[in-house]
Amino acid sequence: MAPPNEAADGDTPLRVVPIVKGQRRFNVMAKPIGPACNLDCVYCYYLSKERLLGLTGHEPISDPILEKFIVDYISGNDAPEVEFEWQGGEPTLLGVEFFRKVVDMQRRHCPPNRRFLNSLQTNGLLLDDEWCRFLRENRFLVGLSIDGPRKLHDAYRVAKGGQPTFDRVFAAAKLLKKHRVDFNTLTVVHRLNAKRPLDVYRFLSREVGPRIMQFIPLVEPRGFATVAPGLWDKNNLPLVGTHRAKPGTPDSIVTDWSVDPDDYGAFLCKVFDEWHQRDLGKYFVNLFESCAAVWMGRPAQICVFQEFCGKALLLERDSQLYSCDHFVYPEYRLGNLLEQPLVDMVFSGRQVRFGFAKTDTLPEYCRECEFLFACWGECPRNRFVRSPEGEPGLNYLCPGLLRFFLHADERLKKIAEEFHGYPRQVADG
C-alpha cells in the first residue's frame, strides 16, 4: 500500500492528501505553455487545442496571469498543503529559470503556516543535470511519460518528424534516479502495449524503478479534436461489445490506437496478478492502490473512480479556466482568471452541476452493478456507448473494468482486512 500523501491521481503526478471535512479543497492543473510540445505523439489529445482554442504561437503564460493564479490558488485552498501541478504540452520547454520564478512567487505569497508542493509532468527529453538538481532541491514530484520497452514506447511516442524517443526518455529516468528526484511513471495503455502487460510492467518495475506507476487507458472517440465530451450524437452510439465499440474497424467509434476494452481488462488482470504476487508494498500502482482504499470503505484516490467530480480543473496559458483537463473545449470554459477570482469559478453553480452530473447521468446498467461503489461509471468523457439494453451513456471501458473488478475482488477484500481497513459493507452501512 502507498504511504499517505504519496499516491498518484489520474494522469498527473500527485501526492494525494486525505480529505478533511469542512476544508475547501480543489486542484487546478496549469498549462503554462499550453499545447506547445517537442513531441508529436500519434495519440496526443492536446495538440489539437492550439487550433480549437486559438492559442497561436508558443508564448508562455504571462507574469500577471501566473502571479494571479498562484495568489488565488493558495488563498482559495484551505488545506495546510497546496499542490501545484504543471503540465503541457511540454512544460520544460519554458526552461529552469521559469520554474525558479514560479518557486520565488510561491514563497512570497505562501503564508508561514502553509506549505506548497509542485508536480511536473514531462516527456523527459530536455532533462539534464541542472534540471534535476533544481527538481531535487525544490522537492518537485515528476511524472515521466514512458509507454514500456523500446518497441512499445516508440510505436506512438515520437518526436517531430517521427523520430523514436525511447533512448532519450530512458536516459531521463536514469538521470532522475541519479539525482534522487522523486518520480512516477505515466504509461498510456494503448491498442498495442495492452496486449503485452507483463512486458510493460516488468520493464517499468525492474528497469525504470519508479515509486509509483500510473496506467492511463487511451480512449479517443473519432472527432474528439472538435466534439466535446457529452455532445456526441446519441443516435450514433454503438452497443457495448459490438465491433463499433472496439478499435480497428472502419466504422469504429474510436481511433485505431485506442485501447480495446477487453484488452484493457486483461492488461489490468495480468499486471494485478504480478503486482500482488511479487510487488505488493514495494511498487505502488495508482489504480490498485485506489481500489484497495475503496474496498476499505475509504474514498477513491483516482478522480475517475470517485462518485462526483469537478474538483480538478485546468488553467490554460491565456488565463481561461476549464472544468477539467479532459474537458478543455469552449463549451466547458468557466471564465477568465484576470476577470474573476479563481475560487468563484471553482465553486460556481455551473461547476457544481458539472461535478454532480457524473452520478446523475449514470445509466441504470451502472446503478445496478455490484461494483458501482468502485467505479461510478469511470470518467464521463468515456461514456459514449450503449448498455446491453440500449441505454446511452455507458463507459467505453466498462467490459474491461468489470472483468478486472471480478478478477481482483477477493484479493482486494483480503488486502483491506490485512491493512485493517473497514470492510466495504460496514462502511456502506
Side-chain angles (χ1 to χ4, degrees), residues 9-11 19 26 216-221 224 227-242 244-246 253-254 258-259 261-262 264-265 268 287 290-291 293-295 297-313 322-327 329 331-332 348-409 412 424-425 427-429:
D9 187 4
D11 52 1
I19 296 173
F26 62 93
I216 307 160
L218 176 59
V219 181
E220 289 181 347
F224 75 91
V227 180
L231 300 182
W232 309 289
D233 179 1
K234 291 186 177 181
N235 296 320
N236 194 39
L237 302 182
L239 199 68
V240 63
T242 61
R244 288 195 60 231
K246 293 173 173 287
I253 198 168
V254 294
S258 292
V259 66
D262 294 325
Y264 181 58
L268 293 179
L287 190 150
S290 184
C291 286
V294 171
W295 259 255
R298 300 173 182 174
Q301 296 180 352
I302 304 177
C303 66
V304 298
F305 291 142
Q306 293 172 357
E307 185 175 359
F308 307 104
C309 59
K311 292 294 187 72
L313 300 89
Y322 296 86
S323 290
C324 173
D325 177 27
H326 290 281
F327 286 75
Y329 295 82
E331 295 87 347
Y332 293 97
S348 65
R350 182 179 177 187
Q351 183 66 2
V352 169
R353 289 190 294 273
F354 172 85
F356 278 97
K358 176 176 182 178
T359 302
D360 293 343
T361 58
L362 281 172
E364 284 302 312
Y365 184 79
C366 292
R367 297 183 188 278
E368 296 173 359
C369 178
E370 64 177 302
F371 295 108
L372 175 63
F373 74 97
C375 177
W376 292 106
E378 211 253 353
C379 184
R381 70 185 172 96
N382 295 332
R383 297 180 184 176
F384 51 79
V385 299
R386 294 178 179 272
S387 71
E389 294 75 27
E391 187 179 5
L394 186 66
N395 196 292
Y396 169 84
L397 294 170
C398 177
L401 291 171
L402 181 58
R403 175 177 177 177
F404 167 68
F405 292 142
L406 288 167
H407 180 79
D409 184 37
L412 287 169
R424 177 178 58 83
Q425 56 268 31
D428 288 347

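What you see below is based on every heavy atom in this structure, not just the backbone, and it leaves out hydrogens, waters and symmetry mates.
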Open item on the list: Does the plane of the ring in F354 sit parallel, tilted or perpendicular to the ring in Y332? Use 30° and 60° as the thresholds.
Closed with: perpendicular
Open item on the list: Walk me through whether V304 and W376 qualify under side-chain contact (heavy atoms from CB on, under 4.5 Å).
Closed with: CA-CA 8 Å; V304 298; W376 292 106; over 6 Å; no
Should [X] and [Y] count as side-chain neighbours, where that means a heavy-atom distance under 4.5 Å?
X: E307; Y: K358; result: no
X: L401; Y: R403; result: no
X: V227; Y: D233; result: no
X: Y322; Y: F327; result: no
X: P399; Y: Y264; result: no
X: V240; Y: P388; result: yes
X: V219; Y: F384; result: yes
X: R244; Y: N236; result: yes

Task: Electrostatic pair D360-R353, nearest N-O below 4.0 angstrom - done: no
Counting N and O atoms only, with roles assigned by atom type, does the side chain of [X] sit under 3.5 Å from a partner on the main chain of [Y], one being a donor and the other an acceptor?
X: K246; Y: V259; value: no
X: Q306; Y: A300; value: yes
X: S258; Y: V254; value: no
X: R381; Y: H326; value: no
X: E331; Y: A228; value: no

- [ ] Tell me yes or no: between the side chains of S323 and R350, is some donor less than 3.5 Å from an acceptor?
- [x] no
Please give me the minimum heavy-atom distance between [X] and [Y], naming the atom from each residue.
X: Y365; Y: L402; value: OH-CD2, 4.5 Å
X: R383; Y: E378; value: NH2-O, 3.6 Å
X: S387; Y: L239; value: O-CD1, 2.9 Å
X: L268; Y: F404; value: CB-CD1, 3.7 Å
X: L237; Y: R386; value: O-NE, 3.2 Å
X: C379; Y: N395; value: O-ND2, 3.2 Å

Open item on the list: Nearest 0.5 Å, please: how far is CD1 in I253 from CD in E220?
Closed with: 13.5 Å
TODO: Could you walk me through whether F308 and F356 pass ring-ring contact (aromatic ring centres under 6.0 Å, His included), step by step?
DONE: CA-CA 6 Å; F308 307 104; F356 278 97; 4.8 Å; yes
- [ ] Indicate, with yes or no, if the rings of W295 and F373 have centres closer together than 6.0 Å.
- [x] yes
